[in-house]
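Let me begin by presenting the structure, written as C-alpha cells, before commenting on it.
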Amino acid sequence: MAPLPKPTDDLSGSLTPPTHVAIIMDGNGRWARERGLPRTLGHRQGVEAVRRAVRAAIDLKITYLTIFSFSSENWKRPIEEIDDLMGLMKRFIRRDLAELHKAGVRIRVIGQRSHVDSELMNLIDEAVELTRDNDKLTLVIAFNYGSRTEIACAARKLAEEVAAGRLSPSEVTVEAIANELDTSGIPDPDLLIRTSGEMRLSNFLLWQTAYSEFVFLDCYWPDFDKSAFEAAIAEFRSRERRFGGLSKRSMA
Ligand code: IPE
Ligand code: IPE
Ligand code: MG
C-alpha cells in the first residue's frame, strides 16, 4: 500500500511558513541619492536594516535567512565604495557578533574567499566558528558570491572526481551537484525577496531558487523593516506552490 502523504507533501505549501528566506538587499545608493547624501551613508543605513531583518526573522520563526551583501560583480564598483563596503562588513562582525551569538544565530558564509582581505577573512572564520552550534536562526551571508562561479566550481570538483576514477559519470546527479555547492546542507529558499523595485537575480542562488517564490518590494533596502518582511511573507502565503504538480483546485 502506498504510504499516506505526510503534511509536508501538501503541494500548495501556502499555509507553511517559509523555512528559508533569501534577500537581495538592493537600493542603498538610490536611498542616499534621493536624500542628497553620499552612497556610503546608504550602505550604513543598510546595515541597520540588516539588524532589523535578523531580529524580524527570529520573531517570525524563520530558520534560514540568506542575505546578499556583496556580489562577485560588485568588484566593478569604484575602489572607495568597495573599501567602504569591506569596512562595514568588518565593523558589522566586530560589533554584532556577541549579540548574534547570544541570540542563538549561527553564521554561515557563501562565496569565494579569493580577493577578500585576510583580516576580514579571519573575522568571518571566527564568527562561523563561534556560532557553529547555534540553532535559532542560520544567517547565511553571501559575500563575494556569484552563482555561476559556484556552479562552475561544483562541476569542476565532480569532473576531477570522475577523471580520478573515484566517481562514475552516472553519479553526477542533481544531489551530487547540490552537495558541492556552497549551500550544501541548507534547504532551498522558499521565498526570495528583492528590494528597490529591480526584478532580476543578479547572479544570486540561480540553482537554489528553481522553485522559490519571488517577491519584489519597491522600498529601498535601508527602509526595510519588520512590516515589509511581514508583507512579503503574506504575499508568499497567498501563493500556491505546485512544484510542477497540479493545483489543489484541479485535483478536486
Ligand atoms: C545594495 O545597494 C548594496 C550592494 C550591492 C552592496 P546598491 O549599492 O546596489 O544600491 P543601488 O542599487 O545603487 O541603489
Ligand atoms: C545585487 O545588487 C548584489 C547585492 C545586493 C549585494 P546589485 O545592485 O549589484 O545588482 P545589479 O547590478 O543592479 O544587477
Ligand atoms: Mg543595486
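Every number for a ligand or one of its atoms is a count from 1 in the order of the listing.
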Under a 3.5 Å cutoff, is there a donor and acceptor pairing between the side chains of [X] and [Y]?
X      : Y      : value
Asn134 : His101 : yes
Asp188 : Trp207 : no
Glu34  : Tyr220 : yes
Thr138 : Arg106 : yes

- Applying side chain to side chain contact (heavy atoms under 4.5 Å, CB included) between Arg108 and each of Ile141, Ile186, Leu139, report the one that passes.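 With Arg108 as partner, Ile141, Ile186, Leu139 yield a single side chain to side chain contact (heavy atoms under 4.5 Å, CB included), made by Ile186.
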
Present, as a list of atom pairs with distances to 0.1 Å, all nitrogen or oxygen contacts under 3.5 Å between ligand 2 and the protein.
{"from": "ligand 2", "atom 1": "8 (O)", "to": "Asp26", "atom 2": "OD1", "distance (Å)": "3.2"}
{"from": "ligand 2", "atom 1": "8 (O)", "to": "Arg77", "atom 2": "NH2", "distance (Å)": "3.2"}
{"from": "ligand 2", "atom 1": "9 (O)", "to": "Asn74", "atom 2": "ND2", "distance (Å)": "2.9"}
{"from": "ligand 2", "atom 1": "9 (O)", "to": "Arg77", "atom 2": "NH2", "distance (Å)": "3.3"}
{"from": "ligand 2", "atom 1": "10 (O)", "to": "Arg194", "atom 2": "NH2", "distance (Å)": "3.3"}
{"from": "ligand 2", "atom 1": "10 (O)", "to": "Ser202", "atom 2": "OG", "distance (Å)": "3.4"}
{"from": "ligand 2", "atom 1": "13 (O)", "to": "Arg200", "atom 2": "NH2", "distance (Å)": "2.8"}
{"from": "ligand 2", "atom 1": "14 (O)", "to": "Arg200", "atom 2": "NE", "distance (Å)": "2.8"}
{"from": "ligand 2", "atom 1": "14 (O)", "to": "Ser202", "atom 2": "OG", "distance (Å)": "2.6"}

- Message: Testing the basics here: between Asn28 and Gly46, what is the closest heavy-atom pair and its distance to 0.1 Å?
- Response: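 Looking at all heavy atoms of both residues, the shortest contact is OD1-CA, 4.1 Å.
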
- Task: State the atoms of ligand 1, each with its element, that fall below the 4.0 Å cut-off from a heavy-atom position in Arg39.
- Result: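 Numbered from 1, ligand 1 contributes 7 (P), 8 (O), 10 (O), 13 (O).
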
- Message: Side chain, backbone, both or neither: which applies to Arg33 and ligand 1 if a contact is any heavy-atom pair less than 4.0 Å apart?
- Response: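 The answer is neither; Arg33 stays 4.0 Å or more away.
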
- Arg166 atom CZ: more than 12 heavy-atom contacts under 6.0 Å: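 Yes, CZ of Arg166 has more than 12 neighbouring heavy atoms, counting only those of other groups under 6.0 Å.
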
- Looking at Asp26, which of its N, O or S atoms is the nearest one to the Mg ion (ligand 3)?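 This residue's closest N, O or S atom turns out to be OD1.
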
